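These numbers come from a predicted model, not from an experiment.
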Amino acid sequence: LDSSQFSPGGRTPTVQGSLNDSRPTLPLPEKEVEWAPKEEKDELDWVGGSPHANTSPAMSIMSTLMRQPSANSVGSKIKGQPAGGSGRKNTNNSSSKRGAQDEASGAGARWEDMPAANGSERAITGRVQVLLETGWQDCPPDEVRQILDQIAGNQSKFTIISSRGMYVIDLDGPDGPVQKNASTQKSRPIRFLESGEASLTTAEKADASQGVENQEIAKQRRFGGQSRRGQAPQHQLEVISRDSHAMKCFETLFQTEEKYAGEWAVFYHSYSLAALIYEVHAAVANVLFGFNSLRSPLPRLLLSEFAVTPDADSLIRRFQAEFAHKAKDHSLEYRRVAISVMCSLVSLGPECSIPIVFRFGYSEKDVPFQRVLDDLLDACQVPKQKVKKVAKDLLTLCENYDLDVSQFGGKKPAGRNNGHLLQIFIKRDLVDELAYASEPYGETDPRRTPISSWLNGDNATHFGQARVVANPRYFMNDQYVQMHVASSDPAFHAKRVRFQEELIALFRQILGGPEIRER
């Protein structure tokens with residue numbers, strides 16, 4: 001029914017979903033999207049919805065794609081079905097996860113003719129696209145055939161298998177049609193285009209992406225700082241209520257959470273005995289790569305240690321194959337790349353509560369700290385005849401600033417707090433690449449997997465551990481990771497910048513030559 005005659009201006013305003021559809025609907029964009037008159041339908045960029053009631057998603061898409069095939073389209077001949085359908089703009093261009101383009105849906109299904117009683121024949125033709133990091137990309141023809149074959153059978157949720165794995169296609173999802181990788185559980189939006197329909201221009205893609213991105217950022221900002229989401233209890237702060245310095249540090253960290261809430265998830269790493277290592281990492285990274293070590297330390301530095309385990313997926317695989325039956329996350333190889341973190345300033349556990357451990361830090365004494373320092377100096381091309389002198393100069397500098405170096409043959413400051421807290425912000429689209437939800441000792445926690453979904457919602461995050469792969473390729477780039485540090489000792493906290501400047505000067509002398517820098 002052409003209802004344009006009943007609407008001023010000849011157009012019928014769009015509604016969210018079909019008329020009799022009670023499913024969750026997509027949010028309206030800032031500019032109202034309208035059902036287009038027939039002559040404008042070919043200009044629409046997304047096909048698959050229908051303004052008609054009592055129509056399944058599969059039938060809506062199928063009726064829309066009932067067109068005469070073109071040379072560049074993929075199609076199925078289906079008999080006994082009428083032509084027709086309508087188009088609707090896609091109001092949901094939700095942010096995709098980071099990943100390679102081979103996450104696109106699978107391929108390999110057989111494409112058959114479907115018989116019908118009346119013998120009439122129409123062709124379902126069209127294109128299927130998946131939203132990747134680079135924008136909407138066409139699926140290969142064989143993949144399209146497999147998807148459209150299921151749609152022709154009026155299937156709204158089905159599984160396809162390709163050489164790249166198994167994928168679940170859901171046309172009836174709350175956010176529109178999606179494909180989900182059955183192995184990684186990553187979901188990506190998909191859309192359907194008519195055979196002769198052009199994709200969005202680069203400028204249109206940028207505008208659409210920017211609009212959806214801004215909506216998501218606005219939503220995250222409405223949720224607020226991560227530690228106060230989901231009505232998380234704040235009573236754990238009573239532990240530090242009589243420590244004015246600690247309260248000031250926590251308030252600053254809370255404020256930073258609010259500032260970064262739109263685009264960043266946050267993690268907290270408590271430490272003490274490893275402080276010297278982290279500070280040396282930062283100073284060396286400053287000299288060699290321009291890392292802003294005055295703002296924070298750096299948990300890991302040596303890129304070679306991440307060749308086999310560059311991300312969370314590879315760490316999980318290694319954990320299951322190598323570490324789970326031995327020392328778990330206490331394995332030296334695990335510790336070379338990963339750090340233990342909590343997801344809230346008011347975390348209650350398990351095992352670690354940030355307000356409780358802030359004063360003295362969370363640390364394990366089974367780490368061979370001296371060996372780690374020696375390996376680091378060796379990797380920095382410090383001449384062997386100078387290693388002892390450099391180590392001595394390091395310890396002297398740390399002792400002058402009351403940093404605990406008791407695990408390296410130095411002194412432990414008497415009557416001083418030696419805890420440090422690293423606040424780590426990771427871009428939201430990178431969270432699943434670098435982090436995973438974990439149980440104590442590094443086992444994955446399926447209840448909070450993928451961790452990005454948990455952190456992106458209005459959820460209380462005050463209970464639950466995580467592990468972060470501290471890959472310096474990301475941690476030294478503030479476009480991906482940003483860090484801030486708070487130290488429980490007021491004196492060191494106030495003088496840390498000056499301490500770093502002296503440390504940088506020390507390593508600039510050692511690494512000053514271009515030959516050493518290159519190596």
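- Remark: Met483 CE to Thr256 OG1 distance equals 14.0 Å, nearest 0.5 Å.
- Residues meeting the ring-ring contact (aromatic ring centres under 6.0 Å, His included) test with His462, sequence neighbours left out: none.
- Tyr441 pairs by the ring-ring contact (aromatic ring centres under 6.0 Å, His included) definition with His330, not counting sequence neighbours.
- The salt bridge (Lys or Arg N to Asp or Glu O under 4.0 Å) test applied to Glu501 returns no partner, not counting sequence neighbours.
- Here ring pair (Phe, Tyr, Trp, His ring centres under 6.0 Å) pairs that include residues 339-362, with residues two or more places apart or in two chains, are Phe250-Phe358.
- Looking at every heavy atom in both residues, Val346 comes nearest to Ser227 through CG2-O, 3.7 Å.
- Applying the salt bridge (Lys or Arg N to Asp or Glu O under 4.0 Å) test to residues at least two apart or on different chains, the pairs with a partner in residues 298-311 are Glu305-Arg336.
- Of the inter-residue distances, the one linking Ile354 atom CD1 with Leu253 atom CG reads 10.0 Å to the nearest 0.5 angstrom.
- The two residues Ala285 and Met476 come nearest to each other via the heavy atoms CB-SD, 3.6 Å.
- Applying the side-chain contact (heavy atoms from CB on, under 4.5 Å) criterion to Glu399, with sequence neighbours excluded, gives Val405, Lys411.
- With a 6.0 Å cutoff to the six-membered ring centre and a 45° limit on the axis angle, Arg228 counts as a cation-pi contact of Phe254.
- Under the side-chain contact (heavy atoms from CB on, under 4.5 Å) criterion, Arg448 pairs with Ala437, Asp445, Trp454, not counting sequence neighbours.
- Here Asp374 pairs with Gln370 under the side-chain contact (heavy atoms from CB on, under 4.5 Å) rule; sequence neighbours left out.
- Nearest heavy atom pair, residue Arg447 against residue Glu439, reads NH2-OE2, 3.1 Å.
- Trp136 carries Arg191 over the face of its six-membered ring, with the cationic atom under 6.0 Å from the centre and within 45° of the normal.
- Ring planes of His269 and Tyr271: parallel class, angle under 30° (limits at 30 and 60°).
- Considering only residues two or more places apart in sequence or on other chains, Arg416 meets the salt bridge (Lys or Arg N to Asp or Glu O under 4.0 Å) condition with Asp402, Asp489.
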Step by step, work out the salt bridge (Lys or Arg N to Asp or Glu O under 4.0 Å) result for Asp329 and Arg335. CA-CA 7 Å; Asp329 66 351; Arg335 285 173 167 169; over 6 Å; no

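- Checking side-chain atoms of Arg188 against main-chain N and O of Gln179 turns up no donor-acceptor pair under 3.5 Å.
- Counting all heavy atoms, side chain and backbone alike, Leu273 lies closest to Ser406 at CD2-OG, 4.3 Å.
- Listed by first and then second residue, the salt bridge (Lys or Arg N to Asp or Glu O under 4.0 Å) pairs that reach into residues 339-353 come to none, sequence neighbours excluded.
- Each salt bridge (Lys or Arg N to Asp or Glu O under 4.0 Å) pair with one or both residues in residues 253-266, not counting sequence neighbours, appears once here: Glu263-Lys427.
- Take Ala282 and apply the side-chain contact (heavy atoms from CB on, under 4.5 Å) test, not counting sequence neighbours, and it matches Phe291, Ser293, Leu298, Gln500.
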